[in-house]
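Following: one structure in structure tokens, then a few remarks.
Quick caveat: nothing in here was measured; it's all calculated off a predicted structure. Below, read A as the first sequence line, B as the second, and so on, with proteins coming before strands; counting in each chain starts at 1.
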Number of protein chains: 2
Amino acid sequence: MSSHQDDPTLDPQEQFTSLMRGLGTRTILHQQNVAASLGLYNNDFISLDILRETGPITAGELSKKTGLATGSITSLVDRLEKIGYVRRQNDPNDRRRVIIVPEYESKEEIRNTYEPLHKAMLNLASSYTPEELALISQFIGNASTVLEEQIQHLSSTTRSKSSKTTR
Amino acid sequence: MSSHQDDPTLDPQEQFTSLMRGLGTRTILHQQNVAASLGLYNNDFISLDILRETGPITAGELSKKTGLATGSITSLVDRLEKIGYVRRQNDPNDRRRVIIVPEYESKEEIRNTYEPLHKAMLNLASSYTPEELALISQFIGNASTVLEEQIQHLSSTTRSKSSKTTR
DNA sequence: ACTAATATCTCGACCTTCAAGATATTTTCT
DNA sequence: AGAAAATATCTTGAAGGTCGAGATATTAGT
């Protein structure tokens with residue numbers, strides 16, 4: 001993987017999408033590596049990441065966001081609770097619900113594992129002027145929004161085609 | 001996930017890393033959705049993506065790049081070969097080796113599934129001036145390099161700590 | 001030739017994931 | 001208020017991917 005698809009023969013826009021795809025592939029591989037080095041399963045780690053971003057949410061919401069079945073969430077939360085990364089909290093207003101509260105602020109392991117990437121990204125950021133960084137940040141936000149819309153679209157269309165043939 | 005961590009109280013650099021992390025989370029969730037909508041397992045789809053980028057590689061190289069055990073690669077390639085996404089080719093110079101050749105150019109399904117994202121990304125690209133897009137593209141390439149280095153670092157340090165306690 | 005190194009495959013064990021049903025709680029309707 | 005429907009999570013058993021170790025085949029080194 002020496003060249004990151006920076007094929008100069010492509011027109012700028014196609015080159016851009018190609019680069020974005022390469023970034024996506026590496027993002028996924030990196031995430032899998034981080035999860036493995038922490039001794040976590042991928043979905044467990046992704047769930048922690050979602051919880052970090054959203055704060056405490058119910059088991060059902062986590063099921064929707066991850067796309068996992070509710071039964072899978074139960075055992076996933078069991079695992080995370082056992083190692084102290086989250087805890088279950090009852091909702092006083094609706095006693096059916098279980099709120100999952102992230103508890104890994106104290107856990108240094110996750111922060112330590114992410115620290116090298118964080119530093120490297122800060123270092124990358126510092127190589128740009130404030131104006132450039134503002135543009136890049138604005139772009140990342142837009143790209144996130146695009147992805148979020150795509151996820152919505154995909155998960156809605158997938159649910160309708162229940163007549164899967166092979167596999 | 002209404003706000004993409006665009007917390008204005010953070011300093012610009014921390015805001016940037018926060019945005020990058022959000023982009024990563026969404027990238028992973030999107031990838032899982034795409035794989036599911038194609039009826040593929042995550043690692044199968046990731047492997048296709050790697051093959052698309054690298055071209056034909058051996059089973060061992062794919063094992064290294066994905067981090068999967070060689071035994072897993074065997075069944076993974078079995079699955080992909082059965083549905084016609086790849087084929088096995090013998091290396092005439094070294095008859096132990098098995099080269100995995102991507103065959104999904106003809107398969108429209110993958111392209112169709114990625115088409116909406118591709119279009120949306122092209123649309124996003126067109127909202128920037130050529131100079132801005134050049135800066136963004138250059139940044140994405142740098143970010144990819146950073147991630148690649150992190151993956152290298154993680155996979156080398158993980159292999160050494162074979163004394164995993166729990167799980 | 002013989003040994004070591006390399007590359008892939010086979011096999012059994014483990015464990016996540018899923019789907020469906022069970023349980024508990026809340027909401028709606030009469 | 002009381003019953004039925006809807007909601008939220010958990011339990012259970014089956015299915016199947018992943019891993020690790022050993023097996024097999026091939027190549028490289030002495």
Side-chain angles (χ1 to χ4, degrees), chain A residues 29 32-33 35-48 56-83 85-101 155 158-159 162-164 166-167, chain B residues 29 32-33 35-48 56-83 86-101 155 158-159 161-164 166-167:
Chain A
L29 291 176
Q32 290 193 347
N33 269 278
S37 75
L38 284 169
L40 293 176
Y41 297 103
N42 280 333
N43 284 328
D44 295 17
F45 184 72
I46 292 169
S47 298
L48 284 179
I57 56 177
T58 68
E61 288 173 323
L62 187 57
S63 169
K64 282 205 196 77
K65 280 186 192 297
T66 58
L68 295 172
T70 62
S72 308
I73 295 294
T74 299
S75 43
L76 184 152
V77 174
D78 285 346
R79 290 190 295 274
L80 291 181
E81 194 170 36
K82 192 189 299 185
I83 55 180
Y85 280 31
V86 304
R87 70 181 158 83
R88 286 182 164 92
Q89 187 178 50
N90 291 339
D91 185 336
N93 300 328
D94 186 340
R95 296 217 306 265
R96 294 167 304 181
R97 302 214 278 177
V98 171
I99 300 173
I100 302 160
V101 184
S155 59
T158 301
R159 245 170 267 314
S162 50
S163 61
K164 202 78 64 61
T166 51
R167 162 161 161 185
Chain B
L29 291 176
Q32 290 193 345
N33 270 278
S37 75
L38 284 168
L40 295 174
Y41 297 102
N42 281 334
N43 284 329
D44 295 17
F45 184 72
I46 292 169
S47 298
L48 284 179
I57 55 177
T58 68
E61 288 172 323
L62 187 57
S63 169
K64 281 206 197 77
K65 281 185 191 299
T66 57
L68 295 173
T70 61
S72 308
I73 294 295
T74 300
S75 44
L76 184 152
V77 174
D78 286 346
R79 290 192 295 273
L80 291 180
E81 195 169 37
K82 192 189 299 184
I83 56 179
V86 304
R87 72 182 157 82
R88 284 181 166 91
Q89 189 179 48
N90 290 341
D91 185 336
N93 300 329
D94 186 340
R95 295 217 307 266
R96 294 168 303 180
R97 301 213 281 177
V98 172
I99 300 173
I100 303 161
V101 184
S155 58
T158 300
R159 245 170 270 310
K161 72 159 184 175
S162 50
S163 61
K164 201 81 64 61
T166 52
R167 163 164 161 187

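Between the side chain of B/Asn90 and the main chain of B/Pro92, no donor-acceptor pair closer than 3.5 Å is present. The backbone N or O of B/Leu68 sits less than 3.5 Å from a side-chain atom of B/Ser63, completing a donor-acceptor pair.
Between B/Asp44 atom CG and D/dG16 atom P there is a gap of 14 Å when expressed in whole angstrom units. Taking atom CG of A/Leu76 as the reference point, atom P of C/dC18 lies 10 Å away to the nearest angstrom. Whole-Å rounding puts the B/Asn90 CG to C/dT8 P distance at 11 Å. Nucleotide D/dT12 holds its C1' atom 14 Å from the CG atom of A/Asp78, rounded to whole Å. Here the P atom of nucleotide D/dA8 and the CG atom of A/Leu62 are 14 Å apart, to the nearest Å. One can place CG of B/Asn42 at 14 Å from C1' of D/dG16, the figure rounded to the nearest angstrom. Here D/dC10 presents its C1' atom at 17 Å from CZ of A/Arg97, a figure rounded to the nearest Å. In this structure, the CD1 atom of B/Ile73 is 13 Å from the P atom of D/dG20, given to the nearest Å.
Across all strands, A/Ser63 comes closer than 4.0 Å to no nucleic acid atom at all (heavy-atom distances). B/Gly71 comes within 4.0 angstrom of a base, heavy atoms only. When heavy atoms are screened at a 4.0 angstrom cut-off, A/Leu68 is found touching the sugar-phosphate backbone but no base atom.
Here the shortest heavy-atom pairing between A/Asn43 and B/Gln32 reads OD1-NE2, 3.4 Å. Nearest heavy-atom pair across A/Ile100 and A/Ala59 is CD1-CA, 3.6 Å.
Contact check, A/Thr58 against D/dT9: a side-chain N or O comes under 4.0 Å of OP1 or OP2. For B/Asn43, no side-chain nitrogen or oxygen approaches OP1 or OP2 of D/dG17 to under 4.0 Å. OP1 or OP2 of C/dT17 has not a single side-chain nitrogen or oxygen of A/Ser72 nearer than 4.0 Å. The side chain of B/Arg88 places no N or O atom within less than 4.0 Å of a non-bridging phosphate oxygen (OP1 or OP2) of C/dA7.
A/Arg96 contributes a side-chain N or O that forms a donor-acceptor pair with the base of D/dT7 under 3.5 Å. At a cut-off of 3.5 angstrom, counting only N and O atoms as typed in the model, there is no donor on one side facing an acceptor on the other between the side-chain of B/Arg95 and the base of D/dT26. Residue side chain B/Thr70 reaches the base of C/dC9 through a donor-acceptor N/O pair under 3.5 Å, judged by distance alone.
Nearest nucleotide to the side chain of A/Val98, out of C/dT26, D/dT9, D/dT18: D/dT9. For A/Ala59, whose side chain is taken as the heavy atoms from C-beta onward, the closest listed nucleotide among C/dC15, C/dT17, D/dT9 is D/dT9.
At a threshold of 4.5 Å between non-hydrogen side-chain atoms, the residues A/Tyr85 and A/Asp44 do not count as touching.
Closest-nucleotide positions on DNA chain D for A/Glu61 and B/Arg79 were compared, and the one nearer the 5' end corresponds to A/Glu61.
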